[in-house]
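To keep things clear, I will list the structure first and then write my remarks on it.
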Protein chains: 2
Amino acid sequence: MTQPDMPTPPWERPPRRRTPARVPLTRERIVDAAYTVLDREGYDRLSMRQVAAELGVAVSALYVHVRDKDELLRLMYNRVFEGYDLPEPDPARWREQVMDFARQGRRRLLGHRDLAKISLGNVPFAPELLPHVEKLLGLFAAAGLPRRVQAIAGDLLSTYIDGFVLEESLWRDRYPETGGNAPEQMREEVNDYFASLPPDRFPNLVALADLMMDESNDYRFELGVEIILRGLASYVGEQDPDEESRSRR
Amino acid sequence: MTQPDMPTPPWERPPRRRTPARVPLTRERIVDAAYTVLDREGYDRLSMRQVAAELGVAVSALYVHVRDKDELLRLMYNRVFEGYDLPEPDPARWREQVMDFARQGRRRLLGHRDLAKISLGNVPFAPELLPHVEKLLGLFAAAGLPRRVQAIAGDLLSTYIDGFVLEESLWRDRYPETGGNAPEQMREEVNDYFASLPPDRFPNLVALADLMMDESNDYRFELGVEIILRGLASYVGEQDPDEESRSRR
DNA sequence: AGTTACAGTGAACAGCGTTCAGTTCTCCAG
DNA sequence: CTGGAGAACTGAACGCTGTTCACTGTAACT
């Protein structure tokens with residue numbers, strides 16, 4: 001050990017500890033590993049044991065850093081929003097800005113297998129996520145929406161995004177193999193199925209058979225967002241809807 | 001035992017077999033039991049073993065009637081729509097009719113604990129459910145919506161309903177005990193939390209604190225549906241949106 | 001140098017979905 | 001009434017799962 005009264009010569013123990021021999025486990029590393037397992041195995045096979053194995057560590061070691069699997073899933077969820085940078089609200093362009101938010105959200109959820117399943121099980125009220133909620137609300141406020149509409153618009157939009165992506169991944173799960181042209185084949189089969197229904201009992205389904213499973217998820221997604229946007233826009237400048245019923249209570 | 005050579009008196013064994021001693025297991029009875037377990041234990045504790053125990057039967061007996069747990073969940077999901085009776089489409093009242101569908105959907109999902117979780121994991125394309133999809137589409141067709149909007153409107157609406165109810169139940173799960181006034185207390189706590197945020201960093205959240213967790217889920221739900229309805233209504237009579245981009249492909 | 005604090009270990013527990021070789025029961029043909 | 005076919009159901013087992021706990025080894029501080 002070093003003498004207390006002598007300065008330590010620099011070559012002796014250069015930094016006090018160069019490499020901690022064992023890389024210490026951290027929440028970050030655990031979440032990283034969890035994402036690796038998620039992408040490789042999918043949500044149903046995402047288990048504490050798999051995550052531990054990915055890190056070359058005993059299962060119980062995880063529980064030192066993470067209360068339980070639920071907390072791990074919450075930590076994974078929080079990361080979905082990392083690096084989301086919403087622009088300053090521009091009242092003139094709020095619709096494009098919200099559409100952009102939606103597109104970005106979908107892209108992030110599609111970035112990891114089954115991530116939508118995790119997202120739907122959580123409410124974005126973790127402290128780390130509040131800045132993002134705040135910014136989205138800012139967009140709606142700038143648009144001039146009534147307060148009550150502002151308060152619900154974020155929910156409505158996020159629910160749609162999560163639900164849409166979840167449905168995308170459900171279809172993917174049902175047609176897992178079949179090589180590269182799986183989505184194409186799936187679309188064809190489903191459309192054929194709808195088209196083959198008895199037209200007297202299912203006139204509308206038959207008539208829309210070609211559109212139920214559109215060739216472009218992107219288009220269907222954006223049309224959905226557009227419908228919501230038009231609904232929101234119809235409230236611009238209005239009084240809080242049903243305001244009097246509130247003061248009546 | 002009855003004597004072999006004597007005619008059986010009618011009161012002895014009136015029909016050849018009165019009660020089959022063991023009530024035969026059927027899909028119906030299994031789904032019934034599954035709902036009982038779901039209501040009592042919740043989705044996470046809904047297991048094949050619990051269902052079997054509920055029926056007083058070995059686990060493996062279930063697998064004679066049901067391929068796997070996934071199929072059981074699908075059967076449970078199908079029952080959500082049982083007895084849904086949509087009215088004949090009335091073009092003049094399509095908005096009320098759709099709102100009614102939404103209200104009915106939410107009420108059904110709220111009818112059993114965690115049912116929304118099951119609903120979100122399924123697409124309503126089982127043969128038994130197609131009549132309901134057909135009828136909903138009929139409403140949109142009668143409204144005079146463009147075909148592509150018709151094709152997506154059902155998805156949009158169902159996703160919203162499922163997502164909204166799921167979120168309701170997530171909040172319920174987080175505040176399970178605390179007696180009768182749990183929702184009231186929860187609302188207060190959450191609102192206070194939002195109101196206590198630093199106003200310079202979260203101006204919008206603070207400003208909307210009183211509305212984020214409204215006193216009335218009913219009101220928030222219907223406002224969401226109303227937004228969607230207004231968005232849909234804005235398309236009435238329009239050409240298929242982006243139609244030319246489709247023919248361009 | 002000895003002590004303290006703790007990250008990480010390995011075994012264990014209870015419960016899960018699913019399978020399968022057997023047993024039991026029902027019903028029909030002879 | 002008997003015998004047998006076939007379905008319905010059982011019990012045990014396999015390999016998973018989340019979580020806990022007494023333990024070991026290492027690092028840091030006095």
Side-chain angles (χ1 to χ4, degrees), chain A residues 1-5 8 12-30 33-34 37-38 40-76 114 117-118 121, chain B residues 1-8 13 15-30 33-34 37-38 40-76 114 117-118 121:
Chain A
M1 285 293 144
T2 52
Q3 278 90 351
D5 42 11
T8 315
E12 185 83 336
R13 287 147 74 236
R16 193 164 166 84
R17 296 160 48 244
R18 320 185 317 202
T19 310
R22 240 185 307 184
V23 184
L25 219 47
T26 62
R27 281 167 164 245
E28 300 310 315
R29 293 218 310 134
I30 292 175
V37 174
L38 181 68
R40 192 179 55 228
E41 309 280 342
Y43 181 79
D44 293 333
R45 303 187 112 88
L46 170 60
S47 71
M48 300 300 272
R49 282 174 155 87
Q50 294 278 343
V51 174
E54 184 67 28
L55 290 162
V57 126
V59 207
S60 43
L62 301 180
Y63 286 86
V64 176
H65 303 272
V66 150
R67 179 180 300 276
D68 52 16
K69 189 180 180 182
D70 229 59
E71 178 167 274
L72 176 53
L73 291 176
R74 256 196 310 277
L75 292 175
M76 295 178 75
D114 288 342
K117 276 184 192 153
I118 295 175
Chain B
M1 285 287 162
T2 51
Q3 277 87 353
D5 42 13
M6 286 286 285
T8 316
R13 288 148 70 240
R16 186 164 171 80
R17 297 160 47 244
R18 323 182 315 201
T19 309
R22 238 185 307 185
V23 184
L25 220 45
T26 61
R27 283 170 161 244
E28 300 310 315
R29 293 219 309 134
I30 292 175
V37 174
L38 181 68
R40 191 180 55 229
E41 308 280 343
Y43 181 80
D44 294 333
R45 303 186 112 89
L46 169 60
S47 70
M48 300 301 273
R49 283 173 155 90
Q50 295 278 343
V51 174
E54 183 68 30
L55 291 161
V57 123
V59 208
S60 41
L62 302 180
Y63 286 86
V64 176
H65 304 272
V66 149
R67 178 180 302 279
D68 53 16
K69 188 180 179 182
D70 229 60
E71 179 168 275
L72 176 54
L73 291 176
R74 255 195 310 276
L75 292 174
M76 295 178 75
D114 289 341
K117 276 184 191 154
I118 295 174

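Predicted model only: the values in this text are computed from it and were never measured. Chain A is the first sequence line, chain B the second, and so forth, proteins listed ahead of strands; every chain is numbered from 1.
- Residue B/His65 places at least one side-chain N or O closer than 4.0 Å to OP1 or OP2 of D/dC9.
- Between the CZ atom of A/Arg67 and the C1' atom of D/dG18 there is a distance of 15 Å, rounded to whole Å.
- The distance from atom CD of A/Gln50 to atom P of D/dG15 is 16 Å, rounded to the nearest whole Å.
- Rounded to an integer number of Å, the gap from CG of B/Asp44 to C1' of D/dT19 is 15 Å.
- Following rounding to the nearest Å, A/Leu72 (CG) and D/dT19 (P) show an atom-to-atom distance of 10 Å.
- In this structure, A/Val51 and A/Leu62 have side chains that are in contact, with non-hydrogen atoms separated by less than 4.5 Å.
- OP1 or OP2 of C/dT9 has not a single side-chain nitrogen or oxygen of A/Ser60 nearer than 4.0 Å.
- Side-chain atoms of A/Ser47 lie closest to D/dG18 of the nucleotides D/dC9, D/dG18, D/dA13.
- A residue-by-residue look at B/Leu62 and A/Lys69 shows that B/Leu62 has its nearest nucleotide of DNA chain D further toward the 5' end.
- In this structure, A/His65 and A/Thr26 approach most closely via the heavy-atom pair ND1-CA, 4.3 Å.
- Out of C/dG8, D/dG18, C/dT9, the shortest distance to the side chain of A/Arg49 is found at D/dG18.
- The nucleotide whose nearest atom lies closest to any side-chain atom of A/Val64 is, among C/dG8, D/dG18, C/dT18, C/dG8.
- Residue A/Lys69 comes nearest to A/Leu46 through the heavy atom pair NZ-O, 2.8 Å, listed as atom of the first residue, atom of the second, then distance.
- Taken to the nearest 0.5 Å, the CZ atom of B/Arg27 stands 4.5 Å off from the CD atom of B/Glu71.
- Across the protein-nucleic acid pair, A/Glu41 atom CD and D/dC16 atom P stand 11 Å apart, rounded to whole Å.
- Atom pair A/Met48:CE and C/dT9:C1' shows a separation of 16 Å (rounding to whole Å applied).
- Note: CG (A/Asp70) to P (D/dT17) measures 17 Å, nearest angstrom.
- Here the straight-line distance linking atom CD1 of B/Ile30 with atom CG of B/Leu55 works out to 6.5 Å at 0.5 Å rounding.
- The side chain of A/Val57 lies closest to C/dT9 when the candidates are C/dT9, D/dT19, D/dC9.
- Distance from the side chain of A/Val59 is smallest to D/dT19 among C/dT18, C/dG8, D/dT19.
- Residue A/Tyr43 contributes atom OH, which lies 14 Å from atom P of D/dT17 at whole-angstrom precision.
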